[in-house]
> 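Once you've had a glance at the structure underneath, I'll fire off some questions.
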Amino acid sequence: MALRIIRQFLRDKRTLALVFIVPIVVFTLFGILFKTESANIRVGVINSDKGAERTIVEPPRTFPPIPVIKKVKINVGQKFVEGLKENGGFDIIELAGGDTEKVIRENRLDGLLLFAEDFSGNIIDGKGIRFGLVIEGTSYSKKVVLENQFEKFFSKTIPGLLIQGTPLETNLKVEIDTRYVYGGKKFTNIDYFSPVFIAFFVFFLTFLLTIISFLRERAYGTMERLFASPLTKMELILGYSLGFSIFALAQSALVLFFTLYVLKINYMGSIYLLFALNAIFAVGAVNMGILLSFFAKNELQAVQFIPIVIVPQVFLSGLIWPIRDLPGYLKPLSYIMPLTYASSAIEGVMIKGFGLGQIGFEFVMLILFAFLMMLLGSLVLKRRVA
Amino acid sequence: MVIKTENLKKNFGGVKALDGLNLEIKEGELYGLLGPNGSGKTTLIRIIVGVLLPTSGTISVMGSANPFKKAAQIGYMNQSESLYIDLTVRENISFFGALYGVERNALKKKITELLDLLELSDKADELVGNLSGGTKKRVSLACALAHSPKLLLLDEPTVGIDPALRVSFWDYFNRLAKEGVTILISSHQMDEAEKCARLGFLREGKLLTEGRPGEIRSMTGKETLEEAFLELIRTSGK
């Protein structure tokens, strides 16, 4: 029995490759990705702090002991920037002012600190440490870090800030005026993960269903019958696309309904646009299934496409690790993966509230993907085989 | 001629499946293609139906070199059952009928007629996956007939069918032939070959001999077609 199984495995070169090569590839990816996970958070600082004067009473060093009263101009904002640069754990970029959203976009920031003109003044006057924080809000983990790190950092740093030997007031309240470019405070983990997972499910299941059912057409001989009929190749491809896309849409409708109304996840943007995106993506997945079914002899080999086609996309499409944080040599891979564009577009709609105009590029890429797959599928699909 | 092939050759790798085959089938003829396994019967039928390209030689189906152009008038039943096992009998026939563009009401009538003829009426709404091999064969035949084709290509249609039903199959084929339908049937069962108007013996991709059943018997001086065929194989080997 065992011998028979070994013999069968050795005969099926592809399974053999899968068993031994794929785990190595997957773990290599894992290794790379887990190492890069600690990529720094980019925080911009617009320091408009004008500084403030503080009266310092120096202990008398003269005789007769007359305390020396000095007025010292200090800029606490500047000190904080320096402190953050040294040990804040962020990549700090000092920037001139401007429209905050634009600054964030142009500098690809995760967050932006704003020290107002009276930043030092407020501290000197004991009113508190007041500053603005704008969170980009695309990545949930970064959002959480930004929401929590600064309060700690500021209250920890204050006692250490000496101004000409005199510590600053320590009982200052930290007041952060937090704003969000995308999403918001109430957006939690699930709000961030559900959009990309909706895309992923549509893709994965549609692809799998198509490749299996196309293989079955061939295995049961119905494909030959279809090809003997007046049905054209294009009709076959379009029929398949339509049938499975309807299913994929029903599925994403259910998932959307469930996530929006049962799990009550937060979202912005248009549901219809979301639907359209899913539909296009499903058509792409159907045609990819048709295409790849020609490279699989049986259902086992079709299932083997999962680690090859699906797994890298999970790792590299920004589903788990943001593409921006990937090492440079992996990025080109990300940009050829359809899931990258689908999840970016769906995320754009759900978290950023984007309209069609703002996800135009992704939209076009998904249409191109569907067309490319359809074209390749129709090229490998041969009515009359030689 | 409904079917005409000239010097038809087909190689699969180094294997010669068809080796210079010349065949002519007239309209309304019930032609039986006989031969052992691997003699090229299925290859020939697949080339005629248009899913396989010949390596060399010419072919004409109803006057066209590309059988696909005549696809709407051809009925094809391949060797495997070729049905959707998760659809019912009725749904399968209806799907293939619709594929050939049969109008809905006409199709409904035709399905009832076929179910009746092939004794499938009581199984019409059962899933094909739950049916026995012989029943599936009948459903498969019904699918090939749903659009009332002018040319019927049947690759071993009677395998796995019980004798009583086989008789009614052949009666039906004869009736269709009288109505002007051209039928090409492959088989390796000699006993049913008697029912054909003309027979062709295929061996190693070549047409060994051709003729009416009576002619072939008298040619070899044998009592049955089976013996005649064995005799032909023996003499051809020399």
Side-chain angles (χ1 to χ4, degrees), chain A residues 11 13 205-206 208-248 250-251 286 289-290 293-294 296-303 377-386, chain B residues 10-13 42-43 45-56 59 61 65-87 92-93 95-102 128-129 136-137 139-141 143-144 146-147 149 151-155:
Chain A
R11 197 141 298 164
K13 298 280 181 293
L205 289 169
T206 317
L208 204 63
L209 284 176
T210 316
I211 193 168
I212 298 277
S213 80
F214 232 70
L215 272 169
R216 275 175 49 179
E217 293 258 21
R218 279 199 295 161
Y220 287 104
T222 46
M223 182 76 83
E224 177 143 330
R225 250 200 168 150
L226 295 180
F227 281 166
S229 83
L231 185 81
T232 64
K233 215 158 68 169
M234 252 307 130
E235 284 170 336
L236 175 71
I237 288 175
L238 291 177
Y240 251 83
S241 299
L242 185 66
F244 277 105
S245 301
I246 287 171
F247 253 102
Q251 186 207 20
V286 168
I290 292 176
S293 76
F294 286 88
K297 283 195 203 79
N298 48 46
E299 275 143 321
L300 177 70
Q301 292 195 334
V303 172
S378 66
L379 284 180
V380 293
L381 197 64
K382 290 249 160 59
R383 171 181 294 279
R384 297 175 86 180
V385 292
Chain B
K10 179 70 194 175
N11 299 341
F12 291 109
T42 299
T43 304
I45 289 181
R46 292 183 71 211
I47 289 175
I48 294 170
V49 85
V51 293
L52 199 64
L53 281 168
T55 309
S56 67
I59 177 176
V61 179
N66 180 2
F68 179 55
K69 292 203 171 120
K70 300 290 173 185
Q73 297 172 55
I74 303 175
Y76 173 47
M77 176 179 172
N78 44 352
Q79 234 172 54
S80 61
E81 277 104 23
S82 303
L83 298 165
Y84 295 98
I85 55 169
D86 36 17
L87 295 182
N92 265 287
I93 307 173
F95 169 72
F96 284 107
L99 213 57
Y100 284 82
V102 184
V128 165
K136 279 187 204 159
K137 267 263 140 79
V139 181
S140 184
L141 179 64
C143 291
H147 59 291
L151 169 63
L152 203 49
L153 302 166
L154 308 170
D155 198 359

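Just so we're on the same page: letters track the sequence lines, and every chain starts at 1.
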> Tell me, for B:S140 versus chain A, whether the close heavy atoms (under 4.5 Å) come from the side chain, the backbone, both or neither.
both
> Considering only heavy atoms, which portion of B:I74 lies under 4.5 Å from any heavy atom of chain A: side chain, backbone, both, or neither?
neither
> Only pairs of heavy atoms separated by less than 4.5 Å count here; which of B:L83, B:N11, B:V49 has the most with chain A?
B:L83
> I'd like to check A:L226 versus B:F95 (side-chain heavy atoms, cut-off strictly below 4.5 Å). Are they in contact?
yes
> Report which part of B:L153 has an atom under 4.5 Å of a heavy atom belonging to chain A: side chain, backbone, both, or neither.
neither
> Could you list the residues that satisfy side chain to side chain contact (heavy atoms under 4.5 Å, CB included) with A:E224, not counting sequence neighbours?
B:R46, B:V51, B:Y76, B:N78
> Which heavy atom in B:S82 sits nearest to a heavy atom in A:R225, and how many Å separate them?
O-NH1, 3.3 Å
> Considering residues at least two apart in sequence or located in another chain, which fulfil the side chain to side chain contact (heavy atoms under 4.5 Å, CB included) criterion with B:N66?
A:R384, B:S64, B:F68, B:K69
> Using non-hydrogen atoms and a 4.5 Å limit, figure out which bit of B:F12 sits close to chain A: side chain, backbone, both or neither.
neither
> Counting a contact as any heavy-atom pair under 4.5 Å apart, which residues of residues 214-221 of chain A contact chain B?
A:R216, A:E217, A:Y220, A:G221
> Taking heavy atoms only and a threshold strictly under 4.5 Å, list by residue number the residues of residues 231-243 of chain A that touch chain B; give 'none' if the list is empty.
A:L231, A:T232
